[in-house]
Peer 1: 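Have a look at this one.
Worth saying up front: this structure is predicted, and the values here are computed from it rather than measured. Below, all heavy atoms of this structure are taken into account, side chains as well, without hydrogens, waters or symmetry copies. Note on naming: letters A, B, ... go to the chains in the order of the sequence lines (proteins, then strands), and numbering restarts at 1 for each one.
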Amino acid sequence: MNILQLKNITKKYPGVIALNDVSIDFVKGEAHALVGENGAGKSTLIKSCTGAVIPDEGLIAVEGEEFSSLTPQLSEQKGIGVIYQEFNLVGELSVAENIFLGRAIRKGITIDRKAMVRESAKIFEQFNIDIDPNALVSSLTVGYQQLVEIAKALSQNAKILIMDEPSAPLTSAEAERLYVMVEKLKKTGVTVIYISHRMEEIFRLTERITVLRDGHKIATVKTSDTNMDDLVKLMVGRELKETYPARKDCISDEVLLDVQNLSGNGVHDTSFQIRKGEVLGFAGLIGAGRTETAELLFGAARKTGGTIRLNGKEINPKTPRDAIDSGIALVPEDRKGKGALLEMDIRTNTSMAILERISKFMVVDKKEEKRIANSYRESIRIKTPSIEQKIKNLSGGNQQKVIIARWLASEPELVIFDEPTRGIDVGAKSEIYTLVNSLVESGKAVLMISSEMEEVMGMSDRIIVLCEGKISGELNRKDFKQETIMNFASQK
Amino acid sequence: MEYLDKLKGTANAVEFAKRNGIYVVLLLLVFFFSIASENFLVSNNLLNVARQVSMLGIAAVGFAFVLLLGGIDLSVGSNITLVNIVGGWCMVNAGLNPVLAIGLALSMATFIGFLNGWIIANINMPPLIVTLAMMIIVEGLAYLICKGLPIYGFPASFAIIGQGYLGPIPIPVIIMIVILAIGAFILNKTYFGRYFYAVGGNEEAAKLSGIKVKNVKYLVYSLSGFFAGLAGIVILSRTNSAQVLAGKGLEFDILTACVLGGVSVTGGFGRISNVVAGVLILGVLSNGLVLMNVTQFSQMVIKGVVLMVAVAFDCLQHRKAH
Ligand SMILES: Nc1ncnc2c1ncn2[C@@H]1O[C@H](COP(=O)(O)OP(=O)(O)OP(=O)(O)O)[C@@H](O)[C@H]1O
Ligand SMILES: [Mg+2]
C-alpha cells in the first residue's frame, strides 16, 4: 500500500527550479532513500511533505487523502515526523522538555514534568538508548542530540519518519546506533524516508532508492537491483573517477608545523608535526579533542602550555586573526553555527577573511572581490544562479563549499579541515579531495579531521588517533587498518 | 534560459519593492498631508521639516550601526543632553572658544559610547542594560554640572551651526546629509562596515573569520556616541541655550526612525538609504500632525503605534525567513 504519494510536485525559487514535476510513491514499512547531488532538491522535497515549503504545483496524498499543500501541524497530525538537516532542538531545555516541546503534558494548569520524563524514558528504553531525560540538550554530543530528535518524532506517533542526512554529524559508533534504530522502526511498520550522501548506509538500510538530479526525478530503483557505481552515475549524470583521486608523492622533508606539548581547552600535552606537502589525518571519537586541538592552533581557544612553530618560527595565535595572518586556515565543523553568515551573499562570505587585504584606504575593492568569488564558484562548482545570492538559500552542501572558498581565498599554508565533507555529495566530495591534493601538491599542508573512517584512511599520509585529549596512536599509510584505529580511539 | 531570465526579473521586482517599500509609505504620507493641510506642501515648510529632523538623522547613523550589530544604545538621548550641558558650560562658565568647546564635548560623547562598547564586549552584559544604566548615569551627570539650570549666552559665531544657511539650505540639513553619506559609505564601501553586518549576523562565525569582534564593538558604540554628540551640538546651537531636557527621550525617536528604515532589531540587516526614509517619515508625521492641530499627547500615541508596527513588521518578516 502506498502510504505517501507525491504527485507532480513543482517548486520554483527565483532563478532555480528546485523541484520539477516530481512524483514518488512510498510504500508502508519500507525504508526509501532519497539521493542526489547537493542542490538536487532533496530537502525541498521533504519540506513539501512536512509543510515547511508550499509547492507551486502538485498533490501530496497521505494514506490516500490528497492535499495541494500541508502545514506543519497538519503533517504532524497525519503522522509525518521529520528530522531536519539542521537540528531544531532548544539547547537550554531538558531532553524531556524538548521531546514534548509545544505539546507539554499538563496536570491542570501546571506542566507535568514527571510524566514527560517518564514518557521520554519509555521511548529511550524501547530503543535501548542511554540518555537521561533530565539532561540539558546543550550538554549532549551531536550524536545524542540526533537521537533525541528521533525520539521526539516517535513520541508524536509518526507513521512516516523523514530523516535529512541524519548520519552526517555522527561518528561511526553513533551512526551504528542510528542504523539499529532505523531497522527497529521498519519492523514496527514505520516508513522511513532516508536522505544521505553515504552510499554504504543506503545500501545497508533501504529497500528502494529514488534519485533526484537538478530538481528532476531520474529514477526509482530497488536497492537490490543496483550497485554503487550505477547509482552514482544516475546521480551525477556522468561517469565518476575513483573516490580518492591519486596524488603525487609530494611530502617534503621540511616541517611546516611543529607542535610541542600543547595543552589547554581539553587537550593535554600533545606533540606532533606536519611536513610540507603532507595530509595528516586526525581520527578519534567525538570528544577526543580533535576539534579542540584545531581551535588551539587557530587561536580560537587559548593554550595553557606548549609551543607551536610554523616554518620554524614560534607563533602564539591569540585570536583567529593571528593564525590567519601566519598562514593557518580552519574550515570549521559546525557550518551553521561557526561558518556561515547566512544572511549575507556568496561574494561577501567568500571574502570575509581577506577583506582587509583586498581593501585600499579601508574601501573594499569590489571588482577584485567579485573576481575571487566567481573564480571559486567555478573552481569548486558552487551551484547558484549568482554570487549575489544569500547563502541561506543554498543547499547544505553548497553552503559548505562557500565556507571552503573563504578559506582557500586566504591563501593559507596550513589548512585544517574539520569534517570537510559532512553533508557533501559524492561528486563534490571527490572535488574536495582533488582540491586537498592540489593543496599539498603545491607545497601546502593539510590537517584533516574526520569521523568517516574511510575518508581519513583514503586521504591521509599519516593518521594520528586522539583519545580523551591525548594522542593515543600514530599510523603510517602502510599500517592503516580500521581495527587498529578503533582500538587506539577507544583506549582507556 | 529565457524562463530563468524571467524568473530573475520577477525576483528583482519583488526584491525592489521589498527594499524600497518604505519610500512608498513616505510618499503616501506626504500625499495625505498635502491634502489635509494646505500649508504642508510649501517649500518653506518642507525645509523646516528637513531642519527639524536633521539631528535625528545625524544620530540615527550611529544608532543604525549599533542595531546592525544586534545591540541597542539607550544612552544616546542623555548623551545628547550632556553634550549640550558640557558644551554650554565650556563656552560660558569656562570661557573656552567654541571650537575647543565642541571638540571637548564631542570627545566626551565618543568616550561615553566607547565605555558602553567596552563594558558590553568585555563583561558580556546585555547592551540594553548597559546603555540603560549609562543613560541614567549620564543624565545625572548633566544635572550635577548645571544644577538643573539652563546655560546661555554663547558667542555669536556658535549660532551658525544650528541657525545658519548655505543659500536656501539650513546648515543642520547639510550636516545631516554629509553624515548620512558618510554612514552609507562606511556600510557599503569599507571593510569595517562589512564587519558590522557579519558580527550582527553570526558573531561566532565572524570571530572565526578573523574579525576582531571586540574592536568592532568598541568602534560601533564609539561612533554611536560621536554621532549623538554631533546631534547634540546642532541642538545646542539651534536652541542657543543648554538645557537638561535637550535630549530627553530622543533615543526612542531615533530607534523608531531606524526600525522604520528597515534596520533589524535583531541585527544583521539594514541600509542607510532606507534609514533616511525612516527619519523623513517621522519628521513629516510630527510636522503634519502639528499643522493639523493634533495635540502633543495624541502625537505621542501615534508615534508609539508607529514604533510598534515597524518592529512588528520587522519581526514578522524575519520570522518568515526562518
Ligand atoms: N529559500 C530558497 N530560496 C531560493 N533558492 C532556494 C531556497 N531553498 C532552496 N533553494 C534552491 O533549491 C535547490 C534545491 O535545494 P535543496 O536544499 O532542496 O537541495 P538538497 O538536495 O537538499 O541539497 P544538499 O544535499 O546540499 O542538502 C538549490 O539550488 C537551492 O539553492
Ligand atoms: Mg539538503
Peer 1: Mark yes when over 12 heavy atoms from residues, nucleotides or ligands other than B:Met308 sit less than 6.0 Å from its CE; otherwise mark no.
Peer 2: no
Peer 1: Between A:Phe361 and B:Thr190, does the side chain to side chain contact (heavy atoms under 4.5 Å, CB included) criterion hold? Intermediate values first, please.
Peer 2: CA-CA 8 Å; A:Phe361 303 111; B:Thr190 68; over 6 Å; no
Peer 1: Decide yes or no on side chain to side chain contact (heavy atoms under 4.5 Å, CB included) for B:Leu208 and A:Phe298, but give the supporting numbers first.
Peer 2: CA-CA 9 Å; B:Leu208 288 176; A:Phe298 192 61; 4.1 Å; yes
Peer 1: Judged by atom type as modelled, is there a donor-acceptor pair below 3.5 Å linking the side chain of A:Asp325 to the main-chain atoms of B:Gly210?
Peer 2: no
Peer 1: Check the pair A:Met352, B:Tyr195 against side chain to side chain contact (heavy atoms under 4.5 Å, CB included), reporting the backbone distance first and the verdict last.
Peer 2: CA-CA 8 Å; A:Met352 200 41 85; B:Tyr195 289 172; 4.3 Å; yes
Peer 1: Mark yes when over 12 heavy atoms from residues, nucleotides or ligands other than A:Ile54 sit less than 6.0 Å from its CD1; otherwise mark no.
Peer 2: no
Peer 1: Quick one: of A:Ala323, A:Gly337, A:Gly299, A:Ala329, who has the most non-hydrogen atom pairs under 4.5 Å with chain B?
Peer 2: A:Gly337
Peer 1: Quick check on A:Ser410 against chain B: is it the side chain, the backbone, both or neither that has a heavy atom closer than 4.5 Å?
Peer 2: neither
Peer 1: Determine whether B:Arg194 and A:Thr348 satisfy the following criterion, side chain to side chain donor-acceptor pair (under 3.5 Å), listing intermediate values before the conclusion.
Peer 2: CA-CA 8 Å; B:Arg194 197 73 74 66; A:Thr348 44; 5.1 Å; no
Peer 1: Taking everything shown except B:Lys207 itself, do over 12 heavy atoms lie less than 6.0 Å from its NZ?
Peer 2: no
Peer 1: Would you give the length of the straight line joining atom CD1 of A:Ile324 to atom OG of B:Ser209, rounded to the nearest 0.5 angstrom?
Peer 2: 7.0 Å
Peer 1: If I measure from the heavy atoms of chain B, does A:Glu388 come under 4.5 Å with its side chain, its backbone, both, or neither?
Peer 2: neither
Peer 1: Under a 3.5 Å distance rule, please check whether B:Asn202 uses its side chain to pair with a backbone N or O of A:Gly339 as donor and acceptor.
Peer 2: no
Peer 1: Is B:Lys189 close to chain A through its backbone or its side chain, or both, or neither, when contacts mean heavy atoms under 4.5 Å?
Peer 2: both
Peer 1: Has A:Lys370 got more than 12 heavy atoms of other residues, nucleotides or ligands less than 6.0 Å from its NZ?
Peer 2: no
Peer 1: Quick one: what part of A:Met362 sits under 4.5 Å from any heavy atom of chain B, side chain, backbone, both or neither?
Peer 2: both
Peer 1: Taking all atoms of both residues into account, what is the closest heavy-atom pair of A:Leu341 and B:Ala205, and its distance?
Peer 2: CD2-CB, 4.2 Å
